[in-house]
Amino acid sequence: MSVLSDRDIAGALQAGRIRIEPYDSVDLQPSSVDLHLDRSFRVFRNNRYPYIDVRTAQQDLTELLTVADDEPFVLHPGEFVLGQTLEWVELPGDLVARLEGKSSLGRLGLLIHSTAGYVDPGWKGKLTLELSNVAKLPIALYFGMKIGQISFLTMSSPVDRPYGSAGLGSKYQGQAEPTASAFFEDFKGRRSPTTGDRGPTR
């Protein structure tokens, strides 16, 4: 794999191989594109369940909140919420992408993803952010602020089944708002590794 340079990213955007909307050329960095924070957040309502059951669709475990243009969303120490990028991103079948935080925000204690920094070839949608505050003070987040950066890597060959293809079980293709976990779907129609029954696998 090789990482696309600013020249290659600009060329791919111009050719329509990569789509980022909205896009401003000032956000193009040497090997990435800066992305911005949208106004929607999905917060956890801890009073509704005694615990999170990954096998169950706990539909009201989270609640979607929206902030106004200049209204801060205050992320408290130890708090975890889902946000999303302002930008809609689309990838071709021969590129993968990595979403990473901004160094300046990391120095304030803001983490923008726990595990979901990888973007599959064929992805279409806004990117969900797993926002955590590991600082000792609350952090105010604002609509439109720079929140992360996306880089692109070429693959050895185009994939046979891009993200969203039939049979892959792609859960989040085309998402336009912070989307709650659909991990419970992995427990449907799978063979148990211990009993041979239909049960969960990774």
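Predicted model only: the values in this text are computed from it and were never measured.
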Trainee: Ignoring hydrogens and angles, tell me if any N or O in the side chain of Gln29 forms a donor-acceptor pair with the backbone of Gln149 under 3.5 Å.
Mentor: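 No, the answer is negative, given that no donor and acceptor are paired below the 3.5 Å cut-off.
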Trainee: Give a yes-or-no answer on whether the side chains of Ser31 and Ser5 include a donor-acceptor pair shorter than 3.5 Å.
Mentor: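 Result is no, nothing qualifies.
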Trainee: Below 4.5 Å, heavy atoms only, C-beta onward: do Met145 and Leu105 meet side chain to side chain?
Mentor: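 Yes. Closest side-chain heavy atoms under 4.5 Å.
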Trainee: With a 4.5 Å heavy-atom cut-off, do Leu28 and Ile9 have their side chains touching?
Mentor: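 Of all side-chain heavy-atom pairs linking Ile9 with Leu28, at least one is under 4.5 Å.
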Trainee: Do Phe143 and Asp38 touch side chain to side chain, with heavy atoms closer than 4.5 Å?
Mentor: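 Side chain of Phe143 against side chain of Asp38, heavy atoms only: contact under 4.5 Å found.
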Trainee: In the structure I gave you, are the side-chain heavy atoms of Val33 and Glu87 within less than 4.5 Å of one another anywhere?
Mentor: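 Result no, sub-4.5 Å side-chain heavy-atom pair not found.
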Trainee: With a 4.5 Å limit on heavy-atom distance, are the side chains of Gln175 and Trp123 in contact?
Mentor: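 With C-beta onward as the side chain, the pair touches.
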Trainee: To the nearest 0.5 angstrom, please state how far the OG atom of Ser40 sits from the NZ atom of Lys126.
Mentor: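 It comes to 7.5 Å.
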Trainee: Is there a side-chain contact between Val89 and Tyr23 in this structure, where contact means two heavy atoms from C-beta onward sitting under 4.5 Å apart?
Mentor: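 Contact flag for Val89/Tyr23 side chains = no.
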Trainee: Would you give the length of the straight line joining atom CD1 of Ile147 to atom CG of Asp34, rounded to the nearest 0.5 angstrom?
Mentor: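 One finds 11.0 Å between CD1 of Ile147 and CG of Asp34.
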Trainee: With a sphere of 6.0 Å drawn around CD of Glu21, does it hold more than 12 non-hydrogen atoms of other residues, nucleotides or ligands?
Mentor: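 Buried by this count: over 12 neighbours within 6.0 Å.
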Trainee: Are Val43 and Leu37 grouped together when hydrophobic residues (ILVMFWY) are joined by side-chain heavy atoms under 4.5 angstrom apart?
Mentor: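 Yes; Leu37 is reachable from Val43 via cluster members.
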Trainee: Heavy atoms only: give me the nearest Ile112-Gly148 pair and the separation to one decimal.
Mentor: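 Scanning both residues completely, I find the closest heavy atoms to be CD1-CA, 4.0 Å.
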Trainee: What is the distance from atom CG of Asp8 to atom CZ of Arg17, rounded to the nearest 0.5 Å?
Mentor: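 So the CG of Asp8 and the CZ of Arg17 are separated by 9.5 Å.
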Trainee: Above 12 or not: heavy atoms from other molecules or residues under 6.0 Å from NZ of Lys102?
Mentor: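 Check passes, neighbour count above 12.
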Trainee: Considering only distance and modelled atom types, tabulate donor-acceptor pairs under 3.5 Å from the side chains of residues 131-139, sequence neighbours left out.
Mentor:
from: Asn133; atom 1: OD1; to: Ala135; atom 2: N; distance (Å): 2.8
from: Asn133; atom 1: ND2; to: Leu75; atom 2: O; distance (Å): 2.9
from: Asn133; atom 1: ND2; to: Leu137; atom 2: O; distance (Å): 2.9

Trainee: Count the heavy atoms of every other residue, nucleotide or ligand shown that sit under 6.0 Å from CG of Asp69, and state whether that count exceeds 12.
Mentor: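 For Asp69, atom CG is crowded (more than 12 foreign heavy atoms under 6.0 Å).
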Trainee: Report yes if some heavy atom in the side chain of Lys146 is under 4.5 Å from a heavy atom in the side chain of Leu35; otherwise report no.
Mentor: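 No, every pair of side-chain atoms sits at 4.5 Å or beyond.
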Trainee: With clusters defined by side-chain heavy atoms of hydrophobic residues (ILVMFWY) lying less than 4.5 Å apart, directly or transitively, does Ile150 cluster with Leu110?
Mentor: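 Leu110 clusters together with Ile150.
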Trainee: Can you confirm whether Ile20 sits close enough to Leu13 that some side-chain heavy atom of one is under 4.5 Å from a side-chain heavy atom of the other?
Mentor: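 The answer is yes; the side chains approach within 4.5 Å.
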Trainee: Could you tabulate the donor-acceptor pairs under 3.5 Å formed by side-chain atoms of residues 60-68, not counting sequence neighbours?
Mentor:
from: Asp60; atom 1: OD1; to: Tyr49; atom 2: OH; distance (Å): 2.5
from: Thr62; atom 1: OG1; to: Arg42; atom 2: NH1; distance (Å): 3.1
from: Glu63; atom 1: OE1; to: Arg45; atom 2: NE; distance (Å): 2.7
from: Glu63; atom 1: OE1; to: Arg45; atom 2: NH2; distance (Å): 3.1

